[in-house]
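For reference, the structure is listed below as structure tokens.
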Amino acid sequence: MYRKKYFATLCLAALILCCHGNAVPMKGAGMNSFETAATRNAQLRIQLSWHFGGKSQRGWNLYVPLISRLIEAEADPDSPEFARGVYRWQQDVGLQPDGIVDQETWMKMVATFQSQRMKFRQAATPENLFQAPVADFYDPTRSDDLRLVDRVAYDAYKRMISAAQAELGPASKSNSGIWLKIISAYRSPAYQAALRRRSPNSGRAGLAMRSPHFSGRALDLYVGGEPVSTADANRRIQVSQPVYQWLVRNAARFGFYPYFYEPWHWEYRG
Ligand SMILES: [Zn+2]
């Protein structure tokens, strides 16, 4: 009798220990583990191999501003503090947390960025479109028919750039005042098809068949470098600009959300 009770107590203790072991993640919980995760992140940031838009991609370095915003940690991406932010985010989204932005975590981040984009991609109707003044455009010779923008998105854009100018000060005024000017807004399906014919190798990530630009609510804004080149070296220039980093932190206040792959492309969701 006594032995049976003793055995039962042992079993119960083992069960509690087991459950406890499961509930408290052992991996990555201590400061040393965050340091280990940081070392791994420093490698993967440059080397992680992944695919997007029919192309091989390398590393997540170009997306550090977006990741920092997502995990709410404005720390150096190679730091234990950044790894701690990743760990918390992994817990929130139901991934096994370890503080490392590996393939699985990165693809989950990409899916999260993509889920924040506009869902409604129907072509704009003429009464919703407004012809913006040429002064708002990157190309000072852009023709009238290529300066159409959804009215609501345009108002939000104007509020956003006023705030950017006020908050960034001189940083937004350098480079001959072309920061955040509109490169492209509304594109008709016919115009998009013509663009696609001109650059047939732009890939699926580039000139989409059902472009958000049809809605008049997607704006390509000047954030530095070559205006709309996805070359890694060009995007590296763009994502290091104060204007881009300001957009990442603030655009949602004005209803704009990024397309993670193109630093210049912002979509108005309201
Ligand atoms: Zn675009």
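Atoms within each ligand, like the ligands themselves, are counted from 1 in listed order.
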Ring-ring centroid check Y259 W264, cutoff 6.0 Å: no
Heteroatom of D220 nearest to the Zn ion (ligand 1) (N, O or S, atom name): OD1
Residue H213 atom name (nearest to the Zn ion (ligand 1); N/O/S): NE2
Sub-6.0 Å ring centroid separation between Y191 and F214: no
No-hydrogen, no-angle side-chain donor-acceptor test under 3.5 Å, Q43 and R40: yes
Test: R159 cationic atom under 6.0 Å from Y154 six-membered ring centre, within 45° of axis: no
Name, closest N/O/S atom of H265 to the Zn ion (ligand 1): ND1
